[in-house]
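Okay, so here's the structure we're looking at.
Protein chains get the first letters and strands the later ones, always in sequence-line order, with residue 1 at the start of each.
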Amino acid sequence: MGNKIVTAMELAPKTMLFEVEAEHIARRGKAGQFIILRVNDEGERIPLTIANRDPEKGTITIVAQEVGKTTEVLNAMGPGDEIHDLAGPLGKPTEIPTGKTVVCVGGGIGNAVVWPQVQALKDAGNKVIAILGARTRELLILEDEITEIADQVIVTTDDGSYGRKGMVTHALDELIDGGEKIDEVITIGPVVMMKFVCKTTEPHGIPTQASLNPIMVDGTGMCGACRVTVGGETRFACVEGPEFDGHQTDFDELITRLSYYQPEERASLDNHHRCKLDAAAEALERQD
Amino acid sequence: MSDTPKKPKKNINKAKTKTPMREQPAGERIFNFEEVPLGYNEEEATLEALRCIQCKNKPCIAGCPVGIDIPAFLKLVGEKDYEGALRKIKEKNFLPAICGRVCPQEDQCEMVCTLNKPDKGRDPGGVGRVERFLGDYAMEHDLTITPECAAPTGKKVAIIGSGPAGLTAASDLAQKGHDVTVYEALHKPGGVLFYGIPQFRLPKEILLREVDGLKDMGVKFVMNYPVGKAESLESVRERHDATFIGTGAGLPWFLGIPGENLNGVYSANEFLTRVNLMGGYKFPDGADTPVKNIKRIAVVGAGNTAMDSARTAKRLQPEIVYLVYRRSRLEMPARVEEIHHAEQEGIDFQLLHSPIEIVDNGKGAVGAIRCQEMELGEPDDSGRRRPVPVEGKIKEWAVDTVVLSIGQSPNPLLTADCPDLARDERRGTITINDWMQTSYEDTFAAGDIVTGGATVILAMGQGRKAADAMHRYLTSGDPAAPAGEDSDVCDGLS
Ligand SMILES: Cc1cc2nc3c(=O)[nH]c(=O)nc-3n(C[C@H](O)[C@H](O)[C@H](O)COP(=O)(O)OP(=O)(O)OC[C@H]3O[C@@H](n4cnc5c(N)ncnc54)[C@H](O)[C@@H]3O)c2cc1C
Ligand SMILES: Cc1cc2nc3c(=O)[nH]c(=O)nc-3n(C[C@H](O)[C@H](O)[C@H](O)COP(=O)(O)OP(=O)(O)OC[C@H]3O[C@@H](n4cnc5c(N)ncnc54)[C@H](O)[C@@H]3O)c2cc1C
Ligand code: SF4
Ligand code: SF4
Ligand code: FES
C-alpha cells in the first residue's frame, strides 16, 4: 500500500520537507507527536516529528535531515513515490498552556518540531517567542513559516552569517535579562543545545520542556530502546515522552546512548553507497 | 464418544521412547537461523502415533488447554489418514504447525499422558511432534481445512492485536460470517510469534501462511495501527458491533540495578525485535536495523524468552554466551526442549546468581555483570524454593552486552487511552467476566492482556472462548446465552 508523497521540497542542504498521505494521522496528530516510518521492507523504523498536518487533505508534513542510510534513501524520494509504511501518531502531545508567555527554542532540524508547537501555542492564546538557531544561514529552516505565526522570532547563527551571531542560549539569556516575563520554555534540537538551554533557564526557575530524541525501535513501549533517565527514573520516551522536564533530564546519558550504533550505521551507509556504485558500474558494463 | 474398536489392537508401536526427530547438529546450526528440529516424515509420524495406546481415560485431552481429541487424531495418523487427523485437530486448534512447535507439551498434554513414566524410562506419546507433522503436511500438500464461512451476518468486528489470541478470534468470527478487521500496531502480524520467537524455532513463513489463510477468508488486516494512538478505542468501538482486545503483555521489565541504561543493555524484547522482526541478523546486507557486534554476552533469566535470546545471541557468533539465573536448573520456566537445545549449543549456564550491578567499561557501555551468589531457601508462594543471597559471595563476568529477560507485563498503550475500562491496577491486566467480556459490554479481551505473560495455546484457547461469546453477543445480545456446542473450551488457566 504505502503512503504516497504529495510534495517534496528541499529546505536546506540535506534537509527535505515532504507532504505525505496519511489520513488518520492527519486527523488525530497533535503538536509534539511523531510517526515511525520504513522506507522499504528491509528498512529500519525511524521516528520523525509531525511537523504539520492537513486533516482536510489527509496529509502530514515531515522534515528529514540526512544523517544515515534511511534518511538518505528517504530524501532521495519525490512526489508520487511511496513510503513503505508509516505508523502514528505516537508519543504524547505537548502540553499546551493558555494565556502564558512561552519561548520555543529550536536548533537545526529541531525547528521542524518547533513549528507545530508554535502554532498550537498560538492557537491556545499564548504569547510565543521563537528562537531559531542554525550553524550557518543556509541551514536555517522554516523561518518564514514560523515568523508568520509567532509574536516574535529571533534568529541566531553560530557563524553570524544571518541574524545574531552566537548560540540560541545567548539570545535566551538576553531575553531573560531584558526582563521578559517567561512562563515556560520548550526546547528541541541537538542534545547538547538542549542541555545548555536547560542550564540557562534553571537558575531562573523557568519550567523547561525538552523534546528528547533517543534511538527508537517500535515506538509503542514494547522494547525499551528509547529509555531515558528523568529525575533519576527510567522512562520510555516513545510513550511517556518525547517531552520531559529538562531540568530533571540526564542529557549526558542520552548523548552516550545516541552514539552506540555509530560504527554500525556508518557501515550500513558505506554499504549502501557501495551498492549504489556497484549498480552504476554494472549499468555501465551492460552498455558495452 | 468412546467408540474404541473392540478388535485386538494389533497395530501398536511398543517403543518406550519417542520416535527420534532429526535435528540440525548443534555444531552446524549455531552458524545459521534455520530451524533446529527437522520434523517427522510420514513414516516417523505414523510410527509415533502408533505409540498411543488409546487408553481409556485419555487424560491427555484435559491436559491440552483447548481440549484437542488427541487419541482420535493420533489414531487417524496411525491409519495414515492425515487429512482426517488434521480435520480433527482443526476442530479445536487452527494453528497446529505452530503449537506443535512451541507448546510446552511436557507441562500439558504429554505430562498427563498415561504412557509418561520417566522413572521407568518411558516417554509420553509424542503429541506435539505428530501435531507439528500434520501442520507441515497441510502446508506441503496445500490442504486448506478451514471450514466454510457462514453467510455474511452484516456485523462488523474489530480485533485489536494480531498475536495468537487475536488471530484465533479473527478466524472463528470470520467463520461465523462476521466482517472482521484486525488492527495491529507493528508492521508484521503475529505478535510474539513474529517479533519474539526466533526463526530457528518458528519459521516466519509458517505464520505468514496462516495469516494469508485468514485473508482468504475475508479477514482484513490494518497494520501500523496502534489503537489508542491512531484511533481511540471508543471510536473503534463505535465503528464496530463488537471489539476484541488481544494486545498481549509486551512491556519489558528492568531490574532497577545500577548500570541498566549503559550502552549494550537490552530488554529481551528489543534484542529479539532487532534480530527477528527487523531481520538484524542480516545487517547490513539484507536489513538496515543494526545489531551490535557482540563478543561476550550475558542473558539474565531462564524462561522461553531468555532461551530464545541466548540462542539468538549464539548465532551472532560471539565468544561466549552466559545465561544467568537466580534459581537452579529445576526451577527454569522455559520449555524443556529449549533448555536442552541451549545446552547443546554451548550456552554457559550460570545458575544461582542474581545480577546486582552492570559495570561501566569507562565509556558508558557494558564492561561486566556483577552478581550475588544465591542458594535455595524455603518455597515461596509459587511453590518454588526462594533464592537467598549467600553472604559475601559476589562474582563478576566480563561482558559487552547484557540482555534482560526477567518478565513483562501488559503494555498500557491501549489501556492508557480508556482509563475507565476495568483492570487489575497492580498487574495492568484487563478484567473480564466468565465470558471474556470486559467492563464495556461490546468489548471482549483474551490472551496475555488478561492473564499476564502465558503461552501461545492459552492465548489461542481464550481467543476462541471470547469469539464464541462475541458470536452469541452479536446474535442474541447476550454473551452468556445458551451455549453452543463448542463453548466448553479452555479453562486451563491456573
Ligand atoms: C521523537 C523523535 C522525533 C524526531 N524527529 C525528527 C525530525 O522531525 N526530523 C529529523 O530529521 N530527525 C528527527 N529525529 C531523528 C531521526 O529519527 C534520526 O535522524 C533517524 O532515525 C536517523 O536514521 P538514519 O537511518 O538515517 O540514520 P542512522 O544510520 O540510523 O544514524 C546516523 C547517525 O544519526 C544518529 N542517530 C540515530 N538515531 C538518532 C536519533 N533518534 N536522534 C538523533 N540522532 C540519531 C546515530 O547516532 C548515527 O550517528 C527524531 C527522533 C525522535 C526520537
Ligand atoms: C520470546 C518469547 C518466547 C516465547 N516462547 C513461547 C513458547 O515457546 N511457547 C509458548 O507457548 N509461549 C511462548 N511465549 C509466550 C507467548 O508467545 C505469549 O503468551 C502469546 O504470544 C500471547 O499471545 P497474545 O495474542 O495474547 O499476545 P501477543 O503475542 O503479545 O500479541 C499482541 C499483539 O498486539 C499488538 N498490540 C499491542 N498493543 C496494540 C494496540 N494498542 N493496537 C494494536 N495492536 C497492538 C502487539 O504489537 C502484538 O502484535 C513466548 C514469549 C516470548 C516473548
Ligand atoms: S495444542 Fe499444545 S497442548 Fe494441545 S495437544 Fe497440541 S501440543 Fe498438546
Ligand atoms: S494419554 Fe497418552 S496413551 Fe492415552 S490416549 Fe492420550 S496420548 Fe494416547
Ligand atoms: S522505542 Fe521501543 S519502547 Fe520506546
Would you call [X] and [Y] a side-chain contact if the rule is heavy atoms closer than 4.5 Å?
{"X": "A:I36", "Y": "A:L86", "answer": "no"}
{"X": "B:D417", "Y": "B:T415", "answer": "no"}
{"X": "B:H240", "Y": "B:V236", "answer": "yes"}

Any chance you could measure [X], atom [atom1], to [Y], atom [atom2], to the nearest 0.5 Å?
{"X": "A:D250", "Y": "B:N261", "atom1": "CG", "atom2": "CG", "answer": "8.5 Å"}
{"X": "A:I96", "Y": "A:Q119", "atom1": "CD1", "atom2": "CD", "answer": "10.5 Å"}
{"X": "A:D81", "Y": "A:N3", "atom1": "CG", "atom2": "CG", "answer": "12.5 Å"}
{"X": "A:Q117", "Y": "A:I186", "atom1": "CD", "atom2": "CD1", "answer": "5.0 Å"}

Short side-chain donor-acceptor distance under 3.5 Å, [Y] and [X]:
{"X": "A:Q65", "Y": "A:T15", "value": "no"}
{"X": "A:D218", "Y": "A:T220", "value": "yes"}
{"X": "A:E66", "Y": "A:T71", "value": "no"}

Chain A contact via [X] - side chain, backbone, both or neither, heavy atoms under 4.5 Å:
{"X": "B:V291", "value": "backbone"}
{"X": "B:N263", "value": "both"}
{"X": "B:L272", "value": "neither"}
{"X": "B:L413", "value": "side chain"}
{"X": "B:Q408", "value": "neither"}

Heavy-atom pair count under 4.5 Å with chain A, highest-scoring of [options]:
{"options": "B:A268, B:A365, B:G264, B:P412", "result": "B:G264"}
{"options": "B:S267, B:P252, B:G364", "result": "B:P252"}
{"options": "B:S232, B:G228, B:G248, B:A416", "result": "B:S232"}

Using a 4.5 angstrom heavy-atom cutoff, name the option from [options] with the most pairs to chain B.
{"options": "A:T234, A:V239, A:L90", "value": "A:T234"}
{"options": "A:G68, A:G224, A:P89", "value": "A:P89"}
{"options": "A:E42, A:E44, A:M222", "value": "A:M222"}
{"options": "A:K69, A:R257, A:E233, A:Q33", "value": "A:R257"}

| said: Can you tell me how the ring of B:Y225 sits relative to the ring of B:Y183, calling it parallel under 30°, perpendicular over 60° and tilted otherwise? | reply: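 Geometry flag for B:Y183 against B:Y225: tilted rings.
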| Under 4.5 Å from a heavy atom of chain B, the part of A:D41 involved |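 Side chain of A:D41 only, per the 4.5 Å heavy-atom cut-off to chain B.
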| query | What part of A:I215 lies closer than 4.5 angstrom to a heavy atom of chain B: side chain, backbone, both or neither? | reply |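 Just its side chain gets close to chain B.
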| Contact residues of residues 18-28 of chain A (partner chain B; heavy-atom separation under 4.5 angstrom) |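 The residues closer than 4.5 Å to chain B, in numerical order, are A:H24, A:R28.
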| query | Centre of B:Y195's six-membered ring, under 6.0 Å away, within 45 degrees of the axis: is that where NZ or CZ of B:K188 sits? | reply |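 No, B:K188 does not lie over the aromatic ring of B:Y195.
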| task | For B:P198, enumerate each residue passing the side-chain contact (heavy atoms from CB on, under 4.5 Å) test, keeping only those at least two apart in sequence or located in another chain. | result |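 side-chain contact (heavy atoms from CB on, under 4.5 Å) check on B:P198 returns B:F200, B:R201, B:N276, B:D308, B:T312.
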